[in-house]
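Numbering of ligands and ligand atoms starts at 1, following listing order. Owing to the predicted nature of the structure, the values given are computational and were not obtained by experimental measurement. Starting from 1, each residue takes its place in the sequence as its number.
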Amino acid sequence: MDRVHLIICLLWACVNVCDGEPAMFGEVSSPQYPQPYPANLQKQWDLEVPQGYQLQLTFNHLDIESSPDCYYDSVTVVSSEKVLGKFCGQNSTDRLHPGDKPILAPGNRLQLIFQTDDSNHESHLGFTAFYQAVDIDECSSSNVENGSPCSQICLNTLGSYLCACYHGYTLRPDQRTCVLECGGGVHSELEGTISSPGFPDTSPLDLDCIYTISVQPGFMITLNFSQNFHIEQIYSQGESCLFHWLQVSAQGKEPQKYCGGKSPGVLNTGAHLVQLEYHTDGYGQSQGWSLRYTTQRVQCPHPGSIGNGTVTPKFAQYLYRDYIHVRCNPGYKLMMGEEEISGFKSICERNGQWHLTLPECKIIDCGAPKPLLNGVFERISGENNEYLSVIEYHCNEPYYRFQDTSKVTYNCAVDRKWTEVNNNDVIPPCYPVCGKNTEDSFGGRVFGGKSARLGQIPWQLFHSSPRGGASLINDYWALTAAHVVDGLENTNMTWLGGINNIKDKNPVTMEAEKIIIHPNYLRVPVGGHQTNYSNDIALIKMSARVPLGPNIRPVCLPNKTHEPVMEGRMGTVSGFGGFERNIKSEILRYGHIREYLSKECVFGDLPVTHNMFCAGDDVNHVDSCQGDSGGPLFFPMLGYGTNEQPYEVRGIVSWGPARCGHVSKGYYTKVQNYLGWIEETMANN
Ligand SMILES: *[C@@H]1O[C@H](CO)[C@@H](O)[C@H](O)[C@H]1NC(C)=O
Ligand SMILES: *[C@@H]1O[C@H](CO)[C@@H](O)[C@H](O)[C@H]1NC(C)=O
Ligand SMILES: *[C@@H]1O[C@H](CO)[C@@H](O)[C@H](O)[C@H]1NC(C)=O
Ligand SMILES: *[C@@H]1O[C@H](CO)[C@@H](O)[C@H](O)[C@H]1NC(C)=O
Ligand SMILES: *[C@@H]1O[C@H](CO)[C@@H](O)[C@H](O)[C@H]1NC(C)=O
Ligand SMILES: *[C@@H]1O[C@H](CO)[C@@H](O)[C@H](O)[C@H]1NC(C)=O
């Protein structure tokens with residue numbers, strides 16, 4: 001169709017024939033109208049409007065010679081060979097005149113036949129009529145021979161109609177009939193309602209409806225049937241729900257058929273997937289059913305409780321996705337089998353099981369207490385080093401002691417450490433107790449002095465060749481005179497202790513590991529002799545810890561804060577040196593001497609410095625001698641009760657006149673002046 005033609009068609013609304021589609025309206029008139037019609041006429045019009053409409057004809061004007069039955073002249077309206085009317089006359093009041101009442105064709109077509117006889121003397125004008133398409137109400141049963149075209153609901157539309165279905169039904173592909181909509185789809189919401197088709201109306205026959213309820217795993221479906229329940233029940237051969245039934249299939253369970261007049265009530269299916277199949281056959285009657293379904297979370301068994309720990313939170317029921325924590329009481333640890341875990345959380349899983357079984361709370365332990373050097377620990381309470389066990393450390397007294405206490409107590413604490421009351425977990429060291437002897441009565445002299453008993457001067461050490469002495473000052477170090485060890489720093493010096501006779505069978509043998517001579521001591525070349533005894537002091541570090549005991553114990557170093565001057569006070573000097581001219585003693589001797597002013601002690605021309613002091617006893621002729629060198633001159637320490645006074649070494653036997661006992665005076669290294677050097681040297685070596 002070309003465009004011009006189409007436009008004309010639309011504009012003219014297709015008064016006549018437009019390719020294919022008939023016009024919606026039009027006009028028809030007798031020949032020569034509005035002039036009188038000719039005689040001897042036989043003319044036919046075939047009028048048509050589009051399919052789906054009815055054709056309605058209205059005479060605007062009709063003036064045809066009147067005759068009985070319109071015998072002479074007439075216009076006849078015919079539809080499908082059926083005469084709808086035959087008209088003539090001039091006036092609407094005439095019996096055969098159509099007036100302006102519209103004539104409705106049953107369909108979309110109409111024939112108009114105009115017939116005249118051989119005369120028209122009165123010059124009748126004929127007719128003019130208008131026709132139009134009017135919508136058919138296909139839904140009105142009066143228009144359709146076989147009743148409504150739709151099986152359920154008919155909706156009239158312009159030129160056509162639509163069929164629709166009641167709720168629960170769907171239109172078949174024929175667009176006319178309806179079929180029951182049942183089952184289908186999946187109910188995945190956590191709750192909902194389902195009922196038989198048409199409920200509460202009687203269920204249709206020949207049903208096979210399948211309803212599926214599928215919720216996520218971890219939820220369980222409960223069906224709650226309403227009391228209104230009726231499914232035809234027919235027994236035969238032991239089966240009751242033969243022809244109509246509702247079958248409930250829950251995952252993991254035997255399908256169950258229901259029928260009869262009694263509601264199954266509440267069904268806890270325990271499943272997250274349930275299928276319902278509602279079946280009716282072609283006979284009988286079931287009133288149907290309806291149900292409301294709900295879901296519950298799967299329940300896990302109660303987790304129980306745990307010894308020495310808590311399970312939280314506490315619920316009456318534990319459901320899917322709930323989770324619990326376990327915490328141990330202070331002093332207990334979480335154990336999963338043999339393995340310790342830092343935390344515990346278990347979740348109720350969708351299968352109704354806890355994903356982990358409960359752990360245990362086991363008491364913690366602090367492990368074996370650390371050993372204490374020169375000390376021991378004692379268990380006061382508790383076992384296996386468990387939480388809250390108590391231990392006590394002691395030093396090996398009387399040779400060792402804590403600095404200012406006799407014991408320290410530790411508890412096995414929450415942090416698994418042995419901890420003191422003040423939260424300290426460091427064990428203090430045991431210090432050697434200094435200045436205490438085991439035998440404590442003194443008397444006698446060295447040169448001509450008294451022989452010492454074992455344990456009386458337990459800090460006295462002995463070196464045989466060259467013969468010399470030293471004082472043990474702790475369990476590693478000894479103090480001696482520099483001139484005793486000068487030149488021997490790189491030899492293996494063996495010192496003996498714990499003896500009062502050099503022939504003793506069981507001396508404590510000490511190997512010198514380091515010999516440190518005071519840096520300002522004037523070294524003597526091999527074969528030469530000393531000209532300046534200033535700084536005559538040396539330290540010896542033993543290669544192993546000296547096992548302190550009753551016969552071998554250190555002497556104290558002087559108290560830094562005390563005055564160095566001891567003038568007039570009596571001290572004790574000891575050694576294995578000569579006690580008579582050129583005879584060396586095999587036994588340890590001691591004697592009491594006092595300090596002299598340097599001007600009272602002038603012998604030879606060796607320089608006297610403030611690092612040395614003079615001591616002796618020129619009344620009782622007590623003196624140290626060759627071989628006593630390096631040995632101690634010790635005094636009871638001031639500031640203690642008489643019986644507690646420890647001994648401090650204030651002097652080291654250094655030098656004197658060639659003949660001992662002649663003037664009974666000699667020079668001693670003033671230990672007080674070297675406290676800093678001693679401390680530093682011991683700390684750094
Ligand atoms: C129609 O006929 C009636 C009675 O016969 C008459 O009164 C009336 O005037 C007529 N009308 C016309 C338009 O001729
Ligand atoms: C089942 O439904 C009835 C009626 O709605 C209700 O009263 C009843 O509590 C429901 N039972 C359960 C277990 O939900
Ligand atoms: C808690 O721990 C203590 C010590 O280990 C133990 O004796 C006790 O039996 C435990 N209690 C429980 C309830 O397990
Ligand atoms: C000292 O003793 C060690 C081991 O006993 C030895 O190897 C070394 O040679 C000795 N040194 C001297 C100077 O005797
Ligand atoms: C002796 O030695 C000391 C220290 O080395 C020194 O200060 C002093 O001057 C020396 N005396 C003499 C007389 O050499
Ligand atoms: C040193 O002497 C002072 C004063 O007498 C005393 O307080 C202090 O405890 C002493 N130090 C030692 C290590 O004995």
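In this pair, Y318 and F315 present their aromatic rings tilted. The plane angle is within the 30 to 60° band. Note on ring orientation: taking the six-membered ring where Trp is involved, the planes of W677 and H518 are tilted (angle from 30° to 60°).
Remark: K345 qualifies as a cation-pi partner of Y323 under the 6.0 Å distance and 45° angle criteria applied to the six-membered ring. Within the cation-pi definition used here (under 6.0 Å to the ring centroid, within 45° of the axis), K665 does not qualify as a partner of F603.
A salt bridge is defined here as a Lys NZ or Arg NE, NH1 or NH2 lying under 4.0 Å from an Asp or Glu carboxylate O, and E340 with R416 meets this definition.
Counting protein heavy atoms only, atom 14 (O) of ligand 2 is closest to N224 ND2, 3.3 Å. Regarding atom 13 (C) of ligand 3, its nearest protein heavy-atom neighbour is G307 CA, 3.6 Å. Atom 8 (C) of ligand 3 has its closest protein heavy atom at N308 ND2, 3.7 Å. Here the heavy atom of the protein found nearest to atom 9 (O) of ligand 5 is N532 ND2, 4.7 Å.
Proximity of atom 1 (C) of ligand 2 to the protein is indicated by at least one non-hydrogen atom lying closer than 4.0 angstrom. Checking atom 11 (N) of ligand 2 against the protein gives a heavy-atom contact under 4.0 Å. Inside a 4.0 Å radius of atom 5 (O) of ligand 2 there is not any protein heavy atom.
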